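Since this is a predicted model, take the numbers as computed values, not measurements. One-based numbering, in listed order, for ligands and for the atoms of each.
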Amino acid sequence: MGEKILIIEDEENLVKGLKLNLDDEGYEVSWAIDGEEGLRKSLQESPDLIILDIMLPKMNGLDICRELRNRNILIPIVMLTAKGEEIDKVVGLEIGADDYLTKPFSVRELLARIKAHLRRQKREPSAVPSTHTLGDTEIDFVHFKVRRKKKESVLTSLECEILKYFFQHSGEVVTRDMLLEKIWGYDIFPTTRTIDNHILKLRKKIEDNPSRPKHILSVYGEGYRFMA
Ligand code: CA
């Protein structure tokens, strides 16, 4: 059987269409029509990836995402937002979603992103050691955690990949294009805004003062420079 994908979405026609396409690609698909069922299936079925709608009966997608990340469940989550829910996108990324698509979206694009997320998750462990220290911050790449000043936060798989890449290119300028190509690897690129949102989140987790970063520095017009 292929990788398992859980769709949490209450629009039945959309689910039927998605399921057909995902079946064709060889994925094993299950589906939940409300938020509570979605959370339960996320926990019981341990899918490899979740497609998560935001507006859902009983429990919304943002709360589901938050709950899963709080429980240290770090599988890729692709959120679906409707037009006019722009704020939810940002919130979604902040609470640990890996990606989002605005409805109506092309199924091809969704499939490309699913593939990219699953491929990234399966990639061989890199040469970066499993833990790293940055000042008084400890980054644990095995358990996807950051510990600083007795506070522990969880890294998403995407954040881990970005940080590993930064460590491998410490001191160098890392452009947004490099991040797009190496980390996202999409056929269809996310916007640079998406990258910047993830960097903001990472800074909050690893920097003493996220607005005056010492480790993930901005390089005007280029991207970032990571200082270990
Ligand atoms: Ca909905």
Under-3.0 Å protein N/O/S neighbours of the Ca ion (ligand 1), ordered by chain then residue number: D10 OD1, D53 OD2, M55 O
K4 with E28: basic N within carboxylate O range, under 4.0 Å: no
Salt bridge present between R113 and D98 (N-O < 4.0 angstrom): no
Donor-acceptor contact below 3.5 Å, side chain R69 vs main chain I73: yes
Donor-acceptor pair, side chain of E9 and main chain of E11, under 3.5 angstrom: yes
F167 ring center within less than 6.0 Å of H132 ring center: yes
With sequence neighbours excluded, residues passing side chain to side chain donor-acceptor pair (under 3.5 Å) with S153: none
